[in-house]
Amino acid sequence: MTRVSTGADEVGGCRACGFAALDPVLDLGSQPLANALLDPESSLASEPRFPLSVVFCPACSLVQLVASVAPERLFADYPYFSSGSTTMVAHARQLVERLIEQQSLDRGSRVVEIASNDGYLLQWYQQRQIPVLGIEPAANVAEVARARGVPTLGEFFGTDVARRLVARSGCVDVVHGNNVLAHVPDLRGFLDGLRLLIGETGLAVLEVPYLRPLIERAEFDTIYHEHLSYFSVTALDRLFTARDLDIVDVERLPIHGGSLRLFARASGAAPARPTVAALLAEERELGMTEHRYYRAFGARVDSIGRRLKTLLRELRTGGHRIAAYGAAAKGATLLNHFQIGRETLDFVVDRSPHKQGRLMPGVGLPIAAPGRLLQDMPRYALLLAWNFADEILEQQSEYRRRGGRFIVPLPEPGLMP
Ligand code: JHZ
């Protein structure tokens, strides 16, 4: 027996514009928290579950979750460390080097990162003697950043924090926020804080998973309780404009299955590059501003689930053992929604020592170090962290050389070459 916890608040209306009549997109039922890894002795039956249902706002196009779980509950002890992926660290370094050049940043500049995690990005500014401040509410993660020498404030960002920072040392030159906006319950308060912090001349650089590949490539596993919003440029543009901010440039990035990188400034501070209008026009043409664009999504996810389970069943019936690679939050969504557990998979491996020795939420699969693949040699490994396929396949070349095969779950379940 599982129980649906009442610890989730339903939104009264759209988080961005307040519109009340939101249209259904996908209902994943009631799910455990994707990053709430279990201790080996804990019971799956007493694991709290919360509704996971996605809706579309016909007024401003924001796709969002119906219910919010309290951030204090989600991020109190957080097992996600951005430095766990070489790809992420290199991605951050490239961005920092580019901004230092383009914005002519030097020792007199100030840079803040919201949700700075373990300091994986700010460390690159520090290497160039540029003063930084991280803001990271997950206490265990902030501690790792401080140990690395990155000054870090242990709070959730909002207008109060922004006011305090500005009163203390003025506005900043660059504010980063990677993979944080989707996690924010009070979008308006967050953007008001951002607006205060950058003042009239600062630049905000934010990255968010992009809704378009989520729908086109059926990346439904990006949906979990931490991600309250699923952004299109259309929804972002309306939201930013209403908070006295302009999106002055936008780029599409391959990271995390397809993301947007937004550059924002105070309204009127700089003209927008044509990239913004171009993406807005593409989204309109695709129909992303209409509910019908999202209607077939649920059926496509169901079909992927059926095909993936058939493939796994056939491999098991053929006498093969199957493990999984990546105790990612998205992996928890995929396994729980498709109900793939111990009957199909033997274990999950993950490089993070913070995840090893614990169990995947909901399905209770044990998490081991990647070396277990070579030790046990299961014939197949389901790639739950498919967004880092290149890095993982290269790192697992020995497993593959010995005959191990990776299975990719999305967008088409199948064996990887
Ligand atoms: P990964 C994260 O989601 C976290 P998750 C967060 N919620 C967010 O917003 C999105 O990204 C965008 C491991 N790994 O990053 C590390 C290896 O073991 O896809 C991670 O546990 N070996 C803030 O959790 C997991 O895989 C490797 O070589 O869905 C990847 O998790 C590599 C590269 C990763 O995201």
Side-chain angles (χ1 to χ4, degrees), residues 31-44 46-48 73-89 117-120 136 138-148 179 221 224-226 256 321-336 340-400 402 404-409:
Q31 299 290 350
L33 301 178
N35 268 316
L37 305 178
L38 303 166
D39 291 326
E41 61 282 358
S42 47
S43 115
L44 293 179
S46 59
E47 207 181 355
R73 177 170 207 144
L74 292 169
F75 305 108
D77 178 35
Y78 199 51
Y80 185 76
F81 290 79
S82 303
S83 295
S85 146
T86 313
T87 311
M88 279 298 282
V89 176
N117 201 273
D118 55 12
Y120 76 107
E136 174 51 63
N140 62 315
V141 182
E143 214 31 66
V144 173
R146 288 188 201 108
R148 174 184 260 160
N179 297 308
D221 51 353
Y224 44 92
H225 301 92
E226 281 172 33
H256 284 308
R321 283 179 309 134
I322 312 172
Y325 194 114
K330 62 173 68 62
T333 297
L334 187 128
L335 297 177
N336 279 283
I340 300 170
R342 287 169 181 260
E343 72 303 323
T344 309
L345 303 176
D346 289 0
F347 55 87
V348 180
V349 295
D350 193 288
R351 206 159 68 164
S352 169
H354 305 276
K355 297 187 176 183
Q356 294 161 11
R358 300 172 86 183
L359 308 177
M360 287 298 277
V363 291
L365 284 159
I367 305 167
R372 176 95 184 263
L373 281 183
L374 282 183
Q375 260 166 33
D376 284 28
M377 272 316 291
R379 179 69 197 278
Y380 296 100
L382 176 62
L383 189 54
L384 296 173
W386 48 261
N387 48 321
F388 292 123
D390 293 346
E391 182 175 339
I392 292 170
L393 260 63
E394 193 187 320
Q395 172 208 106
Q396 291 302 318
S397 53
E398 182 57 18
Y399 167 68
R400 292 163 66 215
R402 294 195 204 168
R405 299 283 307 269
F406 278 94
I407 303 165
V408 67

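Between Leu365 and Arg342, some side-chain heavy-atom pair lies under the 4.5 Å cut-off. Side-chain contact check for Leu37 versus Pro361: some heavy-atom pair is nearer than 4.5 Å. For the pair Phe347/Pro378, a side-chain contact is recorded, criterion being any heavy-atom separation below 4.5 Å from C-beta on. Within the 4.5 Å cutoff, side-chain heavy atoms of Lys330 are placed close to those of Asn387. Looking only at side-chain heavy atoms (C-beta outward), Tyr399 and Met377 come within less than 4.5 Å of each other. Counting heavy atoms from C-beta outward, Leu345 and Leu335 have side chains that approach closer than 4.5 Å.
Rounding to the nearest 0.5 Å places CG of Leu393 at 7.0 Å from CG of Leu383. A distance of 14.0 Å separates CD in Glu394 from CZ in Phe388, rounded to the nearest 0.5 Å.
Of the possible polar contacts, one joining the Asp118 side chain to the Ser83 backbone as a donor-acceptor pair under 3.5 Å is found.
With sequence neighbours excluded, no residue forms a ring pair (Phe, Tyr, Trp, His ring centres under 6.0 Å) with Tyr325.
With Leu33 as the fixed residue, the side-chain contact (heavy atoms from CB on, under 4.5 Å) test singles out one of Arg73, Glu226, Glu47: Arg73. Partner of Leu38 under the side-chain contact (heavy atoms from CB on, under 4.5 Å) criterion, out of Ile367, Leu359, Val363: Leu359 alone.
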